[in-house]
Protein chains: 2
Amino acid sequence: MAERTRPKPGETREKLMDAALALVGKGRHFASLGIREVTRQASVVPTSFYRHFKNMDDLGLQLVDELGLVLRRMMREARSYVLQADKLIDESVGIFISHAQNNRSFFMFMAQGLAGESRAVQEGIRSEMRYFASELANDLRRLRVVDHLNDADLDMTCDLVVRSVAFSLTDILSLAPDDEPQIEQVRKRTARFLQLIFVGAANWRR
Amino acid sequence: MAERTRPKPGETREKLMDAALALVGKGRHFASLGIREVTRQASVVPTSFYRHFKNMDDLGLQLVDELGLVLRRMMREARSYVLQADKLIDESVGIFISHAQNNRSFFMFMAQGLAGESRAVQEGIRSEMRYFASELANDLRRLRVVDHLNDADLDMTCDLVVRSVAFSLTDILSLAPDDEPQIEQVRKRTARFLQLIFVGAANWRR
DNA sequence: CACAATTGTGAACACTTGTACACATGAGGA
DNA sequence: TCCTCATGTGTACAAGTGTTCACAATTGTG
């Protein structure tokens, strides 16, 4: 090979996924990306793409898997920071928003994928959200903050919470990354959404 | 012209918008549509596109305007059916879901546009949702069902309601149009979401 | 009626696209 | 050592892309 550094196995694969993500982060929609465009951004020859992915949908699916890792890392951080229940909402929303800003491209990809054109990607993201909601339900049980709800109602509540937060995601992502005042407003509004939901849960079928 | 029927002015324009919508309805993402593809689906020569639209984003913007009409028609119907407040949630959700199914392509376009690549389309859809939420707030005031909430809190509640319903939209659209049992489940879950939110609103800052 | 404006048409352009093929390189096992 | 396999490269081609141009038909208005 004429290269000076020998590419480790999987390096090109990562470069391709990062390239796709970078393009999404620049405002492009994943569905409109082409193989050549991605390989160009990755400084790789088009043919290499096929060594790692069958087509763009395949790449999308693997991005969903990585997205799962990001979400799990976020949950771990949230769990370690939020010890007492009184500041639970504000701190969790804060952590979520800061992760959304630090992994802007990833979360853009997620927001796009929910209504994307690949059924498989769509289902993958939906499944990540379900997992997230069920973990949230576990945590709330553990913190004994919703003792009066049965499992089904708790699941519903957590589902609604996750959906609301996910929707706020699109608010944040449509803002400039450094527009602090607006971001602060989204943070406050999201927290109030969650408070409203939890007030509802607290008075549910009393 | 060699045609047997003379095209009325604006006919091709409608054909193009319908064609784009039809492709979206077939599962394609709007961002991935090309001018030639749309004109082909509309049985029109590519050049005609430019007679009516500057580019695909322009077409998207005009679709958002038509989407606004669909939403207004839906609100009018809801207002005429929902006279007393007790069945308010169930009936409204039912009307929404039936409209979502009757205008599948339109609502798919809306769901896609929220995280689409045209900032203008994104803002347009967001603005439609805000309008929808403010109309909902008016109706709730009129029905005197939330008298204890101040204006800001009512707006927040309606915003959350609209967001939750919009998210349910993606649930419905990912289902087969004739999968009644699943759709019924989405309907029920959405209604419970709204009930939870309204219980929260009823006990807000007591 | 004639005239200008609007709308539709077909051919042509310079590019980009997805994909295939044959080949080069390095790593690891026999 | 040699052989094989996974990975990366360069070239090539047919098909599709956005956009422009000059021209035809139909419309409403004077």
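Here is the naming used below: chain letters follow the sequence lines, and residue numbers restart at 1 for every chain.
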Rounded to whole Å, please give me the gap between [atom1] in [X] and [atom2] in [N].
X       : N      : atom1 : atom2 : value
B:Asn55 : D:dT19 : CG    : C1'   : 12 Å
A:Asp58 : C:dT19 : CG    : C1'   : 16 Å
B:Phe49 : C:dT7  : CZ    : C1'   : 15 Å
B:Met56 : D:dT17 : CE    : P     : 12 Å
B:His52 : C:dT7  : NE2   : P     : 6 Å

5'-most contact on DNA chain D (nearest-nucleotide basis), B:Arg51 vs B:Lys54, goes to B:Lys54
List for me each residue that meets side chain to side chain donor-acceptor pair (under 3.5 Å) alongside [X], sequence neighbours excluded, and say none if there are none.
X        : result
A:Arg130 : A:Glu123
A:Arg79  : A:Glu135, A:Asp139
B:Ser92  : none

Rounded distance [0.5 Å steps], CZ in B:Phe30 versus NE2 in A:His29: 12.0 Å
Acceptor/donor pairs from residues 16-25 of chain B side chains to any protein atom, 3.5 angstrom cut, sequence neighbours excluded:
none

Partner residues of A:Arg126 under the salt bridge (Lys or Arg N to Asp or Glu O under 4.0 Å) criterion, sequence neighbours left out: B:Asp171
Options C:dC21, D:dG18, D:dC23, nucleotide nearest the side-chain atoms of B:Tyr50: D:dG18
Taking only heavy atoms on the protein side, list every residue of residues 29-46 of chain B lying under 4.0 Å from any atom of DNA chain C, sorted numerically. B:Arg36, B:Val45
Look at the side-chain N and O atoms of A:Thr47 and state whether any lies under 4.0 Å from the OP1 or OP2 oxygen of C:dT19. no
